[in-house]
Amino acid sequence: MRIGVLTSGGDCPGLNAVIRGAVLKGTKIHNQEFIGIRDGWKGVVDGLTMPLDRHSVRGLSKQGGTILGTSRTNPFEGPHGGPENIQATLDRIGVDALIAIGGEGTLAAAKRLTDAGLKIVGVPKTIDNDLDATDYSFGFDTAVEIATEAIDRLRTTGESHKRCMVVEVMGRHVGWIALHAGMAAGAHAILVPEQPQSMDQIVAWVQSVADRGRAPVVVVSEGFTLDTMEAPHSEKGLDAFNRPRLGGIADVLAPEIEARTGIESRATVLGHLQRGGVPSAYDRVLATRLGMAAIDSVMNGEWGTMLALRGTDIENVSFSEAVGGLKTVPEHRYEEAAVLFG
Ligand code: F6P
């Protein structure tokens with residue numbers, strides 16, 4: 001069999017470790033051939049490939065980004081998109097089955113293509129940790145580490161100037177990165193999409209920190225809404241899947257905090273720093289295990305399934321289950337963290 005591997009959607013630390021795990025086990029144990037599909041679904045639609053043998057994955061588990069390239073291409077759009085065209089392209093380039101590594105958008109596309117008869121196994125990736133079917137996705141741990149270190153650094157400059165530091169992290173519509181990084185760094189308020197707050201409440205937390213002579217640190221998730229907002233802050237248009245591109249809520253909150261409290265405030269948007277660079281050891285291990293399990297699933301013909309972490313085990317779940325729901329921060333986890341706010 002010749003197996004195509006693609007990475008699609010936003011990149012994420014650990015993608016290369018998945019590719020390495022699949023190729024090493026696939027060549028060593030199952031004696032299969034691989035081909036790299038370049039730039040995510042775009043490569044499937046346009047037939048863009050690159051060699052992917054044992055040699056090309058050497059030393060790859062610690063490398064950030066993806067050697068295959070990625071894009072946020074919708075494979076159902078354009079003159080060469082859609083299942084029939086894609087199957088014809090795969091036949092032409094000699095690909096018998098696909099391992100698709102991606103997040104919610106990628107897995108939803110993979111589900112539609114598998115429903116139409118294509119042979120695809122999925123591997124979940126997202127720094128947001130928002131896929132309900134898996135306990136953790138690789139990339140999340142690294143993003144939390146990066147965000148935590150950034151908050152630690154912002155705290156020292158904030159303390160020096162007695163400023164309020166508002167730090168915005170990614171996460172789209174879930175607050176996992178904010179919750180974990182905020183808790184790890186001892187933030188005085190953590191604002192997540194699942195729990196809209198009033199400006200009065202935020203100001204009360206900030207003021208009580210300042211009243212004890214400390215410099216307040218507020219961690220806000222990009223998808224957070226004030227109770228007066230109808231939708232998350234978005235001023236950058238839509239992505240290829242028609243989802244609003246988020247970001248910039250920290251720049252809304254910081255001046256408002258300053259205006260209401262008189263405490264000089266600064267906003268920092270961490271943005272794509274959270275997705276770059278080397279994966280943590282935890283993410284390398286999880287990603288390698290997922291890659292190895294993916295090639296086992298291909299050998300077993302488990303099309304239309306994704307590998308998921310359940311406890312400490314890697315299990316197969318159907319694409320329907322995988323794209324079924326967002327894993328949001330439960331109220332009890334937020335309440336637990338909120339005990340330390342202010
Ligand atoms: O899903 C991962 C993520 O980094 C989100 O946290 C963020 O909202 C989005 O992707 C950013 O997308 P892009 O890289 O297309 O700007």
Side-chain angles (χ1 to χ4, degrees), residues 6-15 18 39-42 64-66 68-75 77 100-110 122-134 136-148 150-151 167-182 190-194 219-225 229 231-252 267-277 279-280 283 287 306 322-323 325-329:
L6 67 90
T7 52
S8 177
D11 74 334
C12 161
L15 286 171
V18 180
D39 303 338
W41 293 121
K42 182 177 185 330
T66 163
L68 299 176
T70 186
S71 64
R72 291 202 193 274
T73 302
N74 185 338
E77 283 176 1
I101 313 166
E104 184 212 345
T106 305
L107 295 169
V123 175
K125 67 89 228 187
T126 163
I127 63 163
D128 303 334
N129 200 36
D130 60 354
L131 288 167
D132 206 17
T134 188
Y136 284 100
S137 48
F138 68 86
F140 172 66
D141 183 68
T142 308
V144 168
E145 277 299 326
I146 295 167
T148 302
I151 301 164
V167 192
E168 180 180 310
V169 298
M170 281 184 166
R172 215 184 281 280
H173 298 295
V174 303
W176 288 109
I177 298 178
L179 184 79
H180 280 230
I190 301 172
L191 308 174
V192 298
E194 295 86 344
V219 174
V220 59
S221 187
E222 61 182 0
F224 168 76
T225 51
M229 293 164 65
H233 187 78
S234 170
E235 50 188 14
K236 301 177 199 154
L238 304 176
D239 70 11
F241 292 92
N242 284 327
R243 298 175 300 192
R245 291 179 55 207
L246 305 181
I249 182 70
D251 289 308
V252 174
T268 304
V269 179
L270 298 185
H272 292 82
L273 279 175
Q274 295 158 96
R275 293 214 320 240
S280 66
D283 281 339
M306 174 194 96
V323 298
L326 269 191
K327 183 170 63 205
T328 51
V329 172

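The first residue of the sequence shown is numbered 1, and numbering continues consecutively from there. One-based numbering, in listed order, for ligands and for the atoms of each. We use all heavy atoms of the structure for the numbers below, so side chains are in, but hydrogens, waters and symmetry mates are not.
- Not a single heavy atom of G103 sits closer than 4.0 Å to an atom of ligand 1.
- Side-chain atoms of I127 and T142, non-hydrogen and from C-beta on, never get closer than 4.5 Å to each other.
- Counting only heavy atoms from C-beta outward, the side chains of H233 and E168 never approach each other to under 4.5 Å.
- With respect to T7, the side-chain hydrogen bond (donor to acceptor under 3.5 Å, both in side chains) criterion is satisfied by exactly one of T66, T70, T106: T66.
- Residue contact check: R72 has heavy atoms under 4.0 Å from atoms 9 (C), 10 (O), 11 (C), 12 (O), 13 (P), 14 (O), 15 (O) of ligand 1.
- Under the 4.0 Å criterion applied to side-chain N and carboxylate O atoms, D11 and R275 are assigned as salt-bridge partners.
- Looking at E104 and T126, their side chains never come closer than 4.5 Å, going by heavy atoms from C-beta outward.
- In the vicinity of G171, heavy-atom distances shorter than 4.0 Å reach the ligand 1 atoms 6 (O).
- Within ligand 1, counting atoms from 1 as listed, the ones closer than 4.0 Å to a heavy atom of I127 are 4 (O).
- The part of R275 lying near ligand 1 is the side chain, judged by heavy-atom distances below 4.0 Å.
- For D128, the closest heavy-atom approach to ligand 1 falls below 4.0 Å.
- Residue contacts with ligand 1 include H272, since one or more of its heavy atoms lies under 4.0 Å from the ligand.
- Of the protein's non-hydrogen atoms, the one nearest atom 7 (C) of ligand 1 is E222 OE2, 3.3 Å.
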Enumerate, atom names and distances included, each donor-acceptor pair closer than 3.5 Å involving a side-chain atom of residues 169-182, sequence neighbours excluded.
unit_1 : atom_1 : unit_2 : atom_2 : d
W176   : NE1    : K327   : O      : 2.8
H180   : NE2    : R333   : NH2    : 3.4

